[in-house]
Asker: 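My questions all concern the structure below.
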Amino acid sequence: MQCRSAVTGLSYIRRCSTSIGLPFSLHREHQLPPWTQHKVAAPYKNRSFSSSPFWCKKKEKTKATSGADSGKPLPKVGASFEDPHDFSQLHDGIAAALSRLRDELSKMRVGGRFNTVSIENLRVQLSKSSKESIKLGDLAQVVPKGGRMVTILASDEEHVKPIRSSIISSNLSLTPQADPHNPLQLNVTIPPPTKESRDQTIAMAKAAMEKAAGAVRDSRSAVHKRLQDLQKKKIARPDDVRKAQEQMEKFAEKGQKDVKELFEATRKAMERA
């Protein structure tokens with residue numbers, strides 16, 4: 001028992017000396033036999049741990065598998081995603097149709113007033129030997145004087161006679177008169193609208209309204225075709241396509257309603273003139 005304690009104590013001293021870097025030696029009489037000497041283990045060294053990245057492909061595979069298990073149709077590989085509820089094409093088409101209709105109606109007589117754009121858009125032939133024509137608005141300034149009077153101020157005295165000839169030969173039924181005080185000025189009296197002229201203007205407005213309604217229908221047909229292609233190619237779910245078609249019909253109906261309301265407001269103003 002005492003020999004075992006001595007061996008244990010010497011081993012402990014040897015390990016301590018070795019760990020702090022001091023030499024350790026025993027006298028010959030104190031050395032122990034080889035079978036009693038214990039080997040000192042090497043000091044423990046810290047090991048660095050490494051982290052491995054996540055397997056993204058495995059995660060995508062799991063996600064795709066879960067989608068297939070849920071019964072929801074997956075889009076085809078390589079197919080571009082398109083939102084069936086994107087109605088920007090329809091909205092742009094309706095807005096463009098309404099804008100053109102307003103522009104055409106503004107060029108007509110509304111509420112007994114004459115729109116000067118009709119005179120400004122006339123073509124003037126300055127020389128009889130040349131077929132070249134120039135827009136009247138580029139040669140003169142058309143100024144409404146209130147009521148049923150319009151004044152035309154030419155930039156050059158040589159342009160007065162061609163401008164007058166262009167207005168008389170047009171379908172506006174206007175007869176400009178030279179101003180006695182200003183050789184560059186022409187005075188145009190706007191006659192009151194008759195029943196025939198009023199009916200003719202209303203017919204022109206109705207034709208413009210039908211043209212705008214056709215543009216709205218064309219925009220609706222383009223969107224309807226796109227939705228059918230999405231369903232045929234299985235890019236969108238059938239429920240999403242069905243809901244998108246219902247919204248499309250509502251937008252198209254509202255566009256047609258706006259076109260008719262704009263025409264009706266113009267027609268009533270023409271009838272009161």
Asker: With a 4.5 Å cut-off on side-chain heavy atoms, are Ile152 and Ile167 touching?
Answerer: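 With C-beta onward as the side chain, the pair touches.
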
Asker: Looking at Ala236 and Pro84, what are the two nearest heavy atoms and their distance?
Answerer: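 Taking Ala236 first and Pro84 second, the nearest heavy atoms are CB-CG, 4.2 Å.
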
Asker: Is there a side-chain contact between Val142 and Leu136 (heavy atoms, below 4.5 Å)?
Answerer: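 Yes. Closest side-chain heavy atoms under 4.5 Å.
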
Asker: Got a sec, which residues hit salt bridge (Lys or Arg N to Asp or Glu O under 4.0 Å) with Arg242, two or more places apart in sequence or on another chain?
Answerer: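 Partners of Arg242 under the salt bridge (Lys or Arg N to Asp or Glu O under 4.0 Å) test: Glu246.
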
Asker: Can you tell me if Ser133 uses its side chain to pair, donor with acceptor, with the backbone of Val124 under 3.5 Å?
Answerer: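 It does not hold such a pair.
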
Asker: Quick one: are Leu126 and Leu139 in side-chain contact, heavy atoms under 4.5 Å?
Answerer: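 Result yes, sub-4.5 Å side-chain heavy-atom pair found.
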
Asker: Return all side-chain donor-acceptor pairs below 3.5 angstrom for residues 177-188, not counting sequence neighbours, or 'none' if the list is empty.
Answerer:
unit_1	atom_1	unit_2	atom_2	d
Asp179	OD1	Asn187	ND2	3.0
Asp179	OD2	His181	N	2.9
Asp179	OD2	Asn182	N	3.0
Asn182	OD1	Leu184	N	3.1
Gln185	NE2	Asn187	OD1	2.8

Asker: Using a 4.5 Å cut-off on heavy atoms from C-beta on, say whether the side chain of Pro238 contacts that of Gln231.
Answerer: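 Gln231 reaches Pro238 side chain to side chain.
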
Asker: Please report, to 0.1 Å, the donor-acceptor pairs under 3.5 Å made by any side chain of residues 251-265, with sequence neighbours excluded.
Answerer:
unit_1	atom_1	unit_2	atom_2	d
Lys254	NZ	Asp258	OD2	3.3
Gln256	NE2	Ala213	O	3.1
Glu264	OE1	Arg267	NE	3.1
Glu264	OE1	Arg267	NH2	2.5

Asker: Is Asn121 reaching over with its side chain to a backbone N or O of Val117, donor-acceptor style, under 3.5 angstrom?
Answerer: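 Side chain of Asn121 to backbone of Val117: a pair is present.
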
Asker: Without swapping roles, check the side chain of Ser166 against the backbone of Pro162 for a donor-acceptor pair under 3.5 Å.
Answerer: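 No, because the side chain of Ser166 does not come within donor-acceptor range (under 3.5 Å) of the backbone of Pro162.
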
Asker: What distance do Ser165 atom OG and Lys128 atom NZ have between them, rounded to the nearest 0.5 Å?
Answerer: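 Rounded to the nearest 0.5 Å, the OG-NZ separation comes out at 7.5 Å.
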
Asker: Output the distance between atom CG (Asp83) and atom CG (Leu230), rounded to the nearest 0.5 Å.
Answerer: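 Between Asp83 CG and Leu230 CG, I get 9.0 Å after rounding to 0.5 Å.
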
Asker: What heavy-atom pair brings Lys211 and Glu104 nearest, and what distance separates the two atoms?
Answerer: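 Between these two residues, the closest heavy atoms are NZ-OE2, 4.0 Å.
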
Asker: Just verifying a value: how many Å separate Gln247 CD and Phe87 CZ, rounded to the nearest 0.5 Å?
Answerer: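 Those atoms lie 4.5 Å apart.
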
Asker: Can you name the nearest heavy-atom pair linking Ala215 to Arg100, along with the distance?
Answerer: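 Taking Ala215 first and Arg100 second, the nearest heavy atoms are CB-NH2, 3.6 Å.
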
Asker: Working to the nearest 0.5 angstrom, can you tell me the gap between Thr201 OG1 and Glu271 CD?
Answerer: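 One gets 11.5 Å once the value is rounded to the nearest 0.5 Å.
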
Asker: Looking at Gly93 and Ser219, what are the two nearest heavy atoms and their distance?
Answerer: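 Closest approach of Gly93 to Ser219: CA-OG, 3.4 Å.
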
Asker: Any chance you could measure Thr266, atom OG1, to Ile202, atom CD1, to the nearest 0.5 Å?
Answerer: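 The distance works out to 10.0 Å.
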
Asker: Is any side-chain heavy atom of Leu105 less than 4.5 Å from a side-chain heavy atom of Arg102?
Answerer: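 SC-SC contact between Leu105 and Arg102 ruled out.
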
Asker: So, does Ser99 use its side chain to make a donor-acceptor pair with the main chain of Ala95 at under 3.5 Å?
Answerer: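 No, Ser99 side chain to Ala95 backbone: no donor-acceptor pair under 3.5 Å.
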
Asker: Please check if the side chain of Asp86 supplies one atom and the backbone of Ser88 the other of a donor-acceptor pair under 3.5 Å.
Answerer: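 The answer is yes, because a donor-acceptor pair under 3.5 Å joins these two groups.
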
Asker: Would Leu174 and Ile119 satisfy side-chain contact (heavy atoms from CB on, under 4.5 Å), going step by step from the backbone distance to the final call?
Answerer: CA-CA 10 Å; Leu174 301 176; Ile119 298 179; 4.1 Å; yes

Asker: Is the backbone of Leu90 close enough, under 3.5 Å, to the side chain of Arg220 for a donor and an acceptor to pair up by distance?
Answerer: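 No, Arg220 side chain to Leu90 backbone: no donor-acceptor pair under 3.5 Å.
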
Asker: Just wondering, do Thr189 and Met149 contact through their side chains at under 4.5 Å, heavy atoms?
Answerer: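 Contact flag for Met149/Thr189 side chains = yes.
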
Asker: Closest heavy-atom contact between Ala140 and Ala154?
Answerer: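 Minimum heavy-atom contact is CB-CA, 3.7 Å.
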
Asker: Could you please spell out the steps behind the side-chain contact (heavy atoms from CB on, under 4.5 Å) verdict for Gln125 and Glu132?
Answerer: CA-CA 6 Å; Gln125 187 175 355; Glu132 183 181 359; over 6 Å; no

Asker: Answer yes or no: is there an ion pair linking Asp229 with Lys233, defined by an N-O contact shorter than 4.0 Å?
Answerer: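 Judged by the 4.0 Å cut-off on N to carboxylate O distance, Asp229 and Lys233 do not form a salt bridge.
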
Asker: Got a second to check how far Lys135's NZ is from Arg123's CZ, nearest 0.5 Å?
Answerer: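 Answer rounded to 0.5 Å: 8.0 Å.
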
Asker: Which pair of non-hydrogen atoms, one from Ala222 and one from Gln89, has the smallest distance, and what is that distance?
Answerer: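 That would be CB-NE2, 3.4 Å.
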
